[in-house]
Enquirer: 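Pasting a structure below so you can have a look.
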Amino acid sequence: MRICQLPEVMTTTMMTANMRSVLCLCATILGATAAAGRAEVSFKPHVEVYHSVLRIEESNEASQIEFMNRTGDVSYYSDNSGAVIQSLGGRLGLSARFGARLSATFTYDNHIWHVFQGRDMPVYDNTEKIAGGVHEGYLKVALGPMPAAPVVLRLGYFNMRYAPEVMNLGEYLFRTGVYPGYVLSGGEGIELLGAHVQTTIVPHLTQDLLFTSEINIFPAYDYSLSYLARVDILNIAEIGAGAMLYRVVSVREENTYNALSYVGDGADTTRIPLSGNKLMGRLVIDPKPLFNPGRMGPEDLKLYCEAALLGTKDYPEMYEDIRERVPVMAGVHVPMFNLLDVLAVEVEWYGTPHGCNPENSATAVPLVQEQFRYGDRDDWKWAVTATREIVDGFEVTARAARDHLRMEDGNGWYQPRELMKLPGDWYWSVRSSIRF
Amino acid sequence: MLRTAACLIAATIAPAHAAPHDTAAGLAPSFRMSGDVSAELSYVVNSSDTALVPGSYETTYLSGMRMSSLTGVLRLNGTYQKLDAEVSVVGAQLIMPPDPTRSTQRRNKYSFNRLLTAYGAYSFGDADAPQARLSIGYFPFSYSGQTRSLGSYLFRSGTYPGYVFSGDSTAYLAGLHFETSLPGILRHDLFLTTEVEWDPQYDVSLSYLARIGVDKPFEFDAGVFFDRLVPVYSFKTSPEELPHLNGTIIEAGGEGDTVYYTKQGVRLMGRFRADLKHFFTSERFSPQDLVVYTEAALLGVKNYPGFYDDVTERVPAMIGFNIPTARILDVLSVELEYYGSPWRNDPSHARPKPYENYAYETITYASEGTGWRGTRNDYKWHVYAQRTLLTHITVSARVASDHLRGLTSDGSIYPYERLHGYDEWYWSIGARVSF
């Protein structure tokens, strides 16, 4: 494995400090485990059922959607505007608590989903798909004085959501790539595999440190190190920032530093690795404490924005302009006075000239057909999301958007191609869920 | 940093109080986990199923074929105030007959896990004795619990061309289900469902079932199913294909009036069950003995000239009877079915025009002997026996000539029937452990 170059001034000091920290952490974990071993074990199941229907009203990108028919041949749809996708499924899970500090959570998901039905699709093809697998599985350790432990450690496969006000666009630190800089959207955060430590030791300051393994995009297993911090200011504002050293530890160098991933030729050849650094900054303002909010709901009138830099280093030809690697979003929760729990309006600008393809044949150089494909035509995205809890445990979410919509691939990840690229493309969806 | 670490260690090892659980009466959800494990071994004694492998026209490849399955179901039910939710998954390992389009020799070994149910339900009125109940999601439904294989036509069939299934009477539906009893003796079930399994998918259907005398000695059921009432892709549900007869376009609606075939249609169902023990009293009868049940359906009320001009060809009908066994068995049931459709019984055939083939009826290029299979397969029969050994263990056996299909690699139903005549049959034995 290769650890990418870190600034020298950091190296020695960090290593010494890190060793002490690691030893302390191990000691506390052992202590917590020993204490848990003497404690009573309790189990708490949880269940969720969900159904979603999505209709693409207009998509200029749909002609590139592949489908596999019953005989295994690949064909392409010529027109998917008006296409409907439905998904229904369930999750069952179990949380086990071993005393006050140690708990384990496991959730299994299985659902029926579909691929597109197109006019040109052979009528004998069955588009019903079944997908199932682990939705989350992690160990959680609470460290420090209870009940509000100042340090919490999670190990395993867990959901990460650092911006709960985001309903679709944003949360760039973990839902993006570098070289090429793809962006994901959606309102449920993202699942990560690895270790996550969160601390609130400093009042009003929440810090997160993550060490995660890439499991969705080839090359798999490369490790990334991330740090986030957010400061709460009098419950009126929150300022957050983060950094991610993406693929800082390469498991197989020949994959992370792909021999085909270069630009130029001869003496002017520049190799572009799949690794890189991401930066993120965000701001949330909730002015309700400044006045009597009346019948406003707890989420009403929140304003938020976020920006990220997907790759701090410039590379010639493909990544020369830093502004083309900066997605920016802004959102507001329109006051609904409890008619809806949330009505979020979000917009995003992302000026990359290349197509946002996470797979990209595992090279950092965009595929030929993705290079400078759309210019500035696909820079703007928007989303309107409304949620309402009808009764305790039953929630309905409706959305209209032109975002980074991708179809799922049935393996817990997404098909690479975005479906909402150009002005005029948009879709709507309705999702209902029962969860307790 | 050292002071911080020391504080953490001290705080961790010190006695910690468990976080209080929400134990307020009625506020915490309650859960129940259940499931079962079952195994079944089957043997096809005789089948004329035709192989479609290029260069082969073998009609005996399935005779003597063994099949087996090992299946597990895990179910989690949760209740929170007036909300119920259920998620269940099924996993199985199967050995199934070959796919006749690919091979006649190699049986297929599959392992799969898939969603079985995922739904929530809200109870109106008292949660313990609700006046009505609304379910949403992917839920099981059966109105004919006595059915062992044949019947349950309202939800286990299709229209234009009509197809039927056999097997467990439970249908798995996606959508909404509203149920109530008003007055108490009359039960109403209203469904708004979406097609998730067979092409064209997503079409929305509306159905209603009325039942009088549920759990009483005599029960009458009647139902109507507006199949694909709201098509999502109208170009697939009603593809505007004109039928051809001897190379000439015929006009389905009569001269000068073209009507296209469509998969939309209306199904009707009627069912009657009688527990004859109502007239006899004997301790030698088990609860299932002496129950007679019959059901008939009309798979498409509207005639269409050409392919669907005879309403009797769209009426499957069955009758079943539970033979008393002096409590030796829990149930010994015999079922018979007649379904005079001349077309292939194929749910995957997504066009409203039937599959035309020499073995089935054709109108395009009819010739002598055409449709021989469509005539031979009109009658089906099924004999089933079950015995509970211990409280949670049951064993069963069956001998049948029904609509045997098998499963595919992801657990969905293989669309093509394997048995094509009353003299083509199989037997199976099985065991189940429930918890």
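Here is the naming used below: chain letters follow the sequence lines, and residue numbers restart at 1 for every chain.
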Enquirer: Side chain, backbone, both or neither: which part of B/Y119 has a non-hydrogen atom closer than 4.5 Å to chain A?
Expert: backbone

Enquirer: Take atom NZ of B/K82 as the centre, draw a 6.0 Å sphere, and report whether it contains more than 12 heavy atoms from other residues, nucleotides or ligands.
Expert: yes

Enquirer: Measure the shortest side-chain to side-chain distance between B/F139 and A/V49 over non-hydrogen atoms and say whether it is less than 4.5 angstrom.
Expert: no

Enquirer: Hey, does the side chain of B/Y233 reach the backbone of A/V84 with a donor-acceptor pair shorter than 3.5 angstrom?
Expert: yes

Enquirer: Provide the closest heavy-atom pair for B/L76 versus A/H46 in the form atom of the first, atom of the second, distance.
Expert: CD2-O, 3.6 Å

Enquirer: If I measure from the heavy atoms of chain A, does B/T194 come under 4.5 Å with its side chain, its backbone, both, or neither?
Expert: side chain

Enquirer: Heavy-atom distances under 4.5 Å only: say whether A/Y50 touches chain B with side chain, backbone, both or neither.
Expert: neither

Enquirer: Give the minimum heavy-atom separation between B/A118 and A/G89, together with the two atoms involved.
Expert: CB-O, 3.3 Å

Enquirer: Among B/L74, B/N113, B/V89, which residue forms the greatest number of heavy-atom pairs with chain A at distances under 4.5 Å?
Expert: B/N113

Enquirer: Partners of A/F43 by side-chain contact (heavy atoms from CB on, under 4.5 Å), sequence neighbours excluded?
Expert: A/V41, A/L94, A/A96

Enquirer: Within a strict 4.5 Å, meaning less than it, do heavy atoms of the B/Y138 and A/L88 side chains meet?
Expert: yes

Enquirer: Under 4.5 Å, heavy atom to heavy atom, which residues of residues 428-436 of chain A contact chain B?
Expert: A/S432, A/I434, A/F436

Enquirer: Could you work out, with side-chain hydrogen bond (donor to acceptor under 3.5 Å, both in side chains) as the rule, every residue matching B/H177, not counting sequence neighbours?
Expert: B/D189

Enquirer: Start with the C-alpha gap between A/R91 and B/V87, add the side-chain angles, then the distance that decides, and say whether side-chain contact (heavy atoms from CB on, under 4.5 Å) holds.
Expert: CA-CA 7 Å; A/R91 293 172 182 163; B/V87 176; 6.0 Å; no

Enquirer: Please evaluate residues A/V47 and B/N77 with respect to the criterion side-chain contact (heavy atoms from CB on, under 4.5 Å), reporting the C-alpha separation (whole Å), side-chain torsions for both, the decisive distance (0.1 Å), and the verdict.
Expert: CA-CA 8 Å; A/V47 64; B/N77 295 86; over 6 Å; no

Enquirer: Under the criterion side-chain contact (heavy atoms from CB on, under 4.5 Å), I'd like the reasoning laid out for A/V391 against B/Y80: C-alpha separation, chi angles, the key distance, then a yes or no.
Expert: CA-CA 11 Å; A/V391 294; B/Y80 181 54; over 6 Å; no

Enquirer: What's the spacing between A/L92 CG and B/E86 CD if we round to 0.5 Å?
Expert: 10.5 Å

Enquirer: Quick one: of A/G393, A/P45, A/G90, who has the most non-hydrogen atom pairs under 4.5 Å with chain B?
Expert: A/P45

Enquirer: With only heavy atoms counted, which part of B/T79 is less than 4.5 Å from chain A, the side chain, the backbone, both or neither?
Expert: backbone

Enquirer: So, using side-chain contact (heavy atoms from CB on, under 4.5 Å) as the criterion, who are the partners of B/V90 when residues are at least two apart?
Expert: B/T71, B/V73, B/F112, B/R114, B/L116

Enquirer: Can you tell me how far apart CD1 (A/I112) and OH (B/Y172) are? Round to the nearest 0.5 Å.
Expert: 11.0 Å

Enquirer: Nearest 0.5 Å, please: how far is CD1 in A/I390 from CG in B/L83?
Expert: 11.0 Å

Enquirer: Begin with the C-alpha distance, continue with both residues' side-chain angles, and end with the deciding distance and a verdict on side-chain contact (heavy atoms from CB on, under 4.5 Å) for B/I136 and A/H51.
Expert: CA-CA 9 Å; B/I136 180 171; A/H51 171 262; 5.7 Å; no

Enquirer: Under 4.5 Å from any heavy atom of chain B, what part of A/D109 do you find: side chain, backbone, both or neither?
Expert: neither

Enquirer: Taking all non-hydrogen atoms of both residues into account, name the closest pair between B/L115 and A/H111 and its distance.
Expert: CD2-CA, 4.2 Å

